[in-house]
Chemist: 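Take this structure first; my questions come after.
All residue numbers in this chain count up from 1 along the given sequence.
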Amino acid sequence: MFSLARLSCFIAVAEELHFGRAAERLHMTQPPLSRQIQQLETELGVQLIDRTTRSVTLTPAGVAFLPDARRIVQLAEGAALTVKRVPAGDLGTVVIGFTAASAHAVLPRLLDSARAHLPDVTLELREMVTSAQIEGLMTGELDLGMARPPLKRPGLVSRPLLHERLLAALPVGHPLADLPRQLTLTDLDGQDVIMYSPVQARYFNELLISTFTIAGATPNYVQYVTQVHTMLVLVRSGIGIALVPASAATLHPDGVAFRSIGAFRERPVELDAVWRSDSTNPALLRLLRDVLPPREWTTDDLVEDTFS
């Protein structure tokens, strides 16, 4: 099979139509250049170049072969550059798991930053609950997770990615929606509240139970659901009130009013980035270094606090 060096020699002669200029362009003398062309023609079994004492021209086979020769050399050069970029993390794929509730606050920022810093790294996104993300990281299905703490598992490391407030989502026209002050948790005592599932949404379930317990409030839980989107649909339908991450307000659902609410912590909702400590994916390591924020994000800039 012909070599890339012989293809390069043929391309130079075909473009210059002069062995002397082609040899000078390739920083070689004419005799070895002529031998390279002869060997290429022998390997292909056809004559590519007509050479006389007065002119150099391409045969019909040479004219037909020139575009393929250029394409082969370009592909080979591109492949060599690609291989060199992978270890540096400039090129590759990072498979990322994320929770549905985190998508509105984190994914746009993450994708914008990745496009700016690592435009040739492909991000594969998979919506998964936290427990599924942990299993995916352990089996190698995921490179990076965006999950709810605690994330204590041998071999995993994490760091805070986002902190955000809890907001009350109320049906438009609800008496608490128009209260001329910031709501408190005790305002929800005895109110119909849509609660998170203790299994599929355990993080939020435990967070709200502890929050209400500390505040001494006892809401009336009327439904248990998993996703924030479902909660907002039920709120709009007048089923009850929901406590949701502040980023949920960016959905702007019709028929739902969002109100800030005093909690025992300013931004109790946490999202962490988590990955395997032994990961050798260069693209992941570059993403951790150049894309993820040095300090955790908040949603304060996304949500207007009308009654603070």
Chemist: Please say yes or no: joined through hydrophobic side-chain contacts below 4.5 Å, possibly via intermediate residues, are Leu284 and Leu111 part of one cluster?
Modeler: yes
Chemist: State yes or no: do Leu125 and Val129 share one hydrophobic cluster built from I, L, V, M, F, W and Y residues joined by side-chain heavy-atom distances below 4.5 Å, directly or via other members?
Modeler: no
Chemist: Is any side-chain N of the basic residue among Arg25 and Glu16 closer than 4.0 Å to the acidic one's carboxylate O?
Modeler: yes
Chemist: Taking only residues two or more places apart in sequence or in another chain, which ones pass salt bridge (Lys or Arg N to Asp or Glu O under 4.0 Å) with Asp254?
Modeler: none
Chemist: Checking one residue: Met128. Which other hydrophobic residues are in its cluster under the side-chain 4.5 Å linking rule?
Modeler: Val95, Ile134, Leu137, Met138, Leu142, Leu151, Leu156, Val274
Chemist: Thr211 side chain to Leu207 main-chain N or O, any donor-acceptor pair under 3.5 Å?
Modeler: yes
Chemist: Determine whether Glu135 and Arg153 satisfy the following criterion, salt bridge (charged side-chain N to carboxylate O under 4.0 Å, His left out), listing intermediate values before the conclusion.
Modeler: CA-CA 10 Å; Glu135 293 307 314; Arg153 183 74 74 90; 3.0 Å; yes
Chemist: For Thr218, give me all partners under side-chain contact (heavy atoms from CB on, under 4.5 Å), at least two apart in sequence or on another chain.
Modeler: Asp189
Chemist: Taking all heavy atoms of Ala169 and all of Leu232, pick out the closest pair and write down the distance.
Modeler: CB-CD2, 3.9 Å
Chemist: Indicate the atoms forming the closest heavy-atom contact of Ala283 with Leu118, along with that distance.
Modeler: O-CD1, 4.4 Å
Chemist: Verify side chain to side chain contact (heavy atoms under 4.5 Å, CB included) between Arg259 and Leu179, making sure each step is shown before the conclusion.
Modeler: CA-CA 9 Å; Arg259 293 291 311 275; Leu179 206 62; 4.1 Å; yes
Chemist: From Glu41 CD over to Leu48 CG, what is the distance, rounded to the nearest 0.5 angstrom?
Modeler: 5.0 Å
Chemist: Looking at Asp112 and Arg115, does any basic side-chain N land under 4.0 Å from a carboxylate oxygen?
Modeler: yes
Chemist: Could you give me the CA-CA distance, side-chain angles and deciding distance for Val56 and Asp50, then say whether side chain to side chain contact (heavy atoms under 4.5 Å, CB included) is met?
Modeler: CA-CA 6 Å; Val56 174; Asp50 276 329; over 6 Å; no
Chemist: Looking at CG of Leu144 and OG of Ser279, how far apart are the two atoms once the value is rounded to the nearest 0.5 Å?
Modeler: 9.5 Å
Chemist: Using a 4.5 Å cut-off on heavy atoms from C-beta on, say whether the side chain of Gln74 contacts that of Ile72.
Modeler: no
Chemist: Say you draw a straight line from OG of Ser158 to CH2 of Trp275; how long is it, rounded to the nearest 0.5 Å?
Modeler: 7.0 Å
Chemist: Determine whether Asp272 and Leu161 make a side-chain contact, defined as any pair of heavy atoms from C-beta on separated by less than 4.5 Å.
Modeler: no
Chemist: For Arg202, enumerate each residue passing the side-chain hydrogen bond (donor to acceptor under 3.5 Å, both in side chains) test, keeping only those at least two apart in sequence or located in another chain.
Modeler: none
Chemist: Please list all pairs meeting side chain to side chain donor-acceptor pair (under 3.5 Å) that have one or both residues in residues 220-233, counting only residues at least two apart or in different chains.
Modeler: His104-His229, Asp192-Asn220
Chemist: Going by side-chain hydrogen bond (donor to acceptor under 3.5 Å, both in side chains), name the residues that satisfy it together with Arg126, two or more places apart in sequence or in a different chain.
Modeler: Glu124, Glu141
Chemist: At their closest point, which heavy atom of Ala14 faces which heavy atom of Leu66, and how far apart are they?
Modeler: CB-CD1, 3.8 Å
Chemist: Kindly indicate, with the supporting measurements, whether the criterion side chain to side chain contact (heavy atoms under 4.5 Å, CB included) is fulfilled by Leu271 and Val106.
Modeler: CA-CA 9 Å; Leu271 184 75; Val106 173; 3.6 Å; yes
Chemist: Are Leu167 and Val172 linked, directly or through intermediate hydrophobic residues, by side-chain heavy-atom contacts shorter than 4.5 Å (ILVMFWY only)?
Modeler: no
Chemist: Stepwise, does the side chain to side chain contact (heavy atoms under 4.5 Å, CB included) test hold for Leu243 with Phe212?
Modeler: CA-CA 11 Å; Leu243 292 187; Phe212 285 130; 3.7 Å; yes
Chemist: To the nearest 0.5 Å, tell me how far Leu40 CG sits from Phe65 CZ.
Modeler: 5.5 Å
Chemist: Is the shortest heavy-atom distance from the side chain of Cys9 to the side chain of Ile37 under 4.5 Å?
Modeler: yes
Chemist: Determine whether Arg165 and Ile261 make a side-chain contact, defined as any pair of heavy atoms from C-beta on separated by less than 4.5 Å.
Modeler: no
Chemist: Where is the tightest heavy-atom contact between Thr99 and Ala147, given as atom of each residue plus distance?
Modeler: CG2-CA, 4.4 Å
Chemist: What heavy-atom pair brings Leu170 and Ala177 nearest, and what distance separates the two atoms?
Modeler: CD2-N, 4.1 Å
Chemist: Determine whether Val199 and Ile194 fall in the same hydrophobic cluster, where Ile, Leu, Val, Met, Phe, Trp and Tyr are linked whenever their side-chain heavy atoms lie under 4.5 Å apart.
Modeler: no
Chemist: Does some side-chain heavy atom of Thr59 sit less than 4.5 Å from a side-chain heavy atom of Ile49?
Modeler: no
Chemist: I'd like to check the side-chain contact (heavy atoms from CB on, under 4.5 Å) partners of Thr184; sequence neighbours left out, ordered by chain and number.
Modeler: Arg181, Thr186, Asp187
Chemist: According to the ring pair (Phe, Tyr, Trp, His ring centres under 6.0 Å) rule, which pairs have a member within residues 18-53, sequence neighbours left out?
Modeler: none
Chemist: What's the separation between atom CG in Asp290 and atom OG in Ser113, rounded to the nearest 0.5 Å?
Modeler: 8.5 Å
Chemist: Less than 4.5 Å apart, any side-chain heavy atom of Val228 and any of Pro245?
Modeler: yes
Chemist: Going hydrophobic residue to hydrophobic residue with side-chain gaps under 4.5 angstrom, can you get from Ile241 over to Val233?
Modeler: no
Chemist: Is there a side-chain contact between Ile96 and Leu110, using heavy atoms and a 4.5 Å cut-off?
Modeler: yes
Chemist: Please list, chain by chain and in numerical order, all residues satisfying side-chain hydrogen bond (donor to acceptor under 3.5 Å, both in side chains) with Ser34, sequence neighbours excluded.
Modeler: Arg51
Chemist: Among residues at least two apart in sequence or on other chains, which ones pass side-chain contact (heavy atoms from CB on, under 4.5 Å) with Glu24?
Modeler: none
Chemist: Is there any salt bridge (charged side-chain N to carboxylate O under 4.0 Å, His left out) pair reaching into residues 52-75, and which pairs are they, with sequence neighbours excluded?
Modeler: Glu15-Arg70, Asp68-Arg71
Chemist: Which heavy atom of Ala248 sits nearest to which heavy atom of Phe258, and what is that distance?
Modeler: O-CZ, 3.9 Å
Chemist: According to side-chain contact (heavy atoms from CB on, under 4.5 Å), who are the partners of Gln39, at least two apart in sequence or on a separate chain?
Modeler: Arg6, Gln36
Chemist: Look up atom NE2 in His117 and atom CZ in Arg289, then write down how far apart they are to the nearest 0.5 Å.
Modeler: 10.0 Å
Chemist: Quick one, Leu208 and Leu166 - any side-chain contact, counting heavy atoms below 4.5 Å?
Modeler: yes
Chemist: Is the gap between the ring centers of Tyr196 and Tyr203 under 6.0 Å?
Modeler: no
